[in-house]
Amino acid sequence: MSKIKSIGVLCSGGDSPGMNCAIRAVVRSAINAGLDVYGIQRGFSGLLEGNIKKLDVSSVGNIIQHGGTILQTSRCLEFHEADIRKEAAHILKRKKIDALVVIGGNGSFNGTYALHSEHGIPVAGIPGTIDNDISGTDYSIGFDTAVQTAIDAVDKIRDTASSHERTFIVEVMGRKSAAIALHVGVCTGAENVVLPSDTLNIEEIAKDVKRGISRGKNSSIIIVAEGEKEGLSHRIREELKNDHGIDSHVCILGHIQRGGNPSGIDRFIASGMGYIAVKDLIKGEKAIVTAYRHGEVVTVPFSECLEKKTDYLPQYINLVKTLSI
Ligand code: F6P
């Protein structure tokens, strides 16, 4: 028998398409099992402010198709402090919330796990970030939609690039993660992808563009993963112009990639993750993450999902380069 009578749910970090599907799944699975469920607004910041309300079945009606998160989210840096987590644990106890589901990325998971380790609160993490860079899971909610959004944008840019015989440098999100850039590079037939782990090699980019032109291509697309420092795409444009006489245009896709209706894949996986998170907390699990492994949603120990994957799929660079000759 479960000792848990109520569950809280919050989103933390950057929003990602599919978070609403996960919230809906958590709320309805919990209610179906006879639990009370509380929505915590604005992530850990909202928890510390006591911004908490009881949710019912209809609170999550008609949200499955919407991007963003009805609970809103925040990046709560103070949650790295033990005193602040202690305060959060008190608030949860005072509000009689027995377990917490956190939908977010790597930073949020670290705070969540610390909350559990220090105060014994049962927690479940649901991976939600477009970057798909959480260790221990092959997938995080929002990635597929973000990739598709970026592909749609690059396809449109390609129209102009071919009409005007131009080179475009398109920067995609992902911070230290190369996942979006590599997928978009493969799927748009990009001439080159600049990864966050690479040392910038302008010679090689210029060689790829020139080779394309000499074999009759009338456009080139270079996908750049944003990395940690702003300005990389503009630096590439300047160096291509100054050192190789290649004119190019920069297009930074930015937050467009975080919005929009979640894809079928995101809705499906998010729904499964929300459902299994609640099911396993009720079973008595204390610290789990809903991971996607070998095509299935499973739960794994929280400790397996605390790192950032930074070397994800770099071998795909060869695929991009081979197919774009
Ligand atoms: O982690 C998701 C992400 O979209 C990254 O790809 C990006 O670097 C970052 O968040 C942007 O964060 P913010 O919206 O807080 O500027």
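Just the heavy atoms: all of them, side chains too, but no hydrogens, waters or symmetry mates, feed the values below. Both counts, for ligands and for their atoms, begin at 1 and track the order of listing.
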Test side chain to side chain donor-acceptor pair (under 3.5 Å) applied to Arg235 - qualifying residues, sequence neighbours left out: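 Arg235 satisfies side chain to side chain donor-acceptor pair (under 3.5 Å) with Glu239 once adjacent residues are dropped.
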Aromatic rings His183 and Phe143: how do their planes relate, parallel, tilted or perpendicular, breaks at 30° and 60°?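 It falls in the perpendicular class, over 60°.
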Residues forming a salt bridge (Lys or Arg N to Asp or Glu O under 4.0 Å) with Glu81, sequence neighbours excluded: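 Partners of Glu81 by the salt bridge (Lys or Arg N to Asp or Glu O under 4.0 Å) criterion come out as none, since no residue qualifies.
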Look up atom CD1 in Ile121 and atom NZ in Lys93, then write down how far apart they are to the nearest 0.5 Å.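 One gets 5.0 Å once the value is rounded to the nearest 0.5 Å.
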List for me each residue that meets ring-ring contact (aromatic ring centres under 6.0 Å, His included) alongside His244, sequence neighbours excluded, and say none if there are none.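 Partners of His244 under the ring-ring contact (aromatic ring centres under 6.0 Å, His included) test: none.
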If the criterion is any heavy atom closer than 4.0 Å to an atom of ligand 1, which residues make the list?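 Lining ligand 1: Arg75, Thr129, Ile130, Asp131, Met173, Gly174, Arg175, Glu226, His255, Arg258.
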Within the structure provided, determine whether Gln257 and Val172 are in side-chain contact (heavy-atom separation under 4.5 Å).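 Touching, per the 4.5 Å side-chain cut-off.
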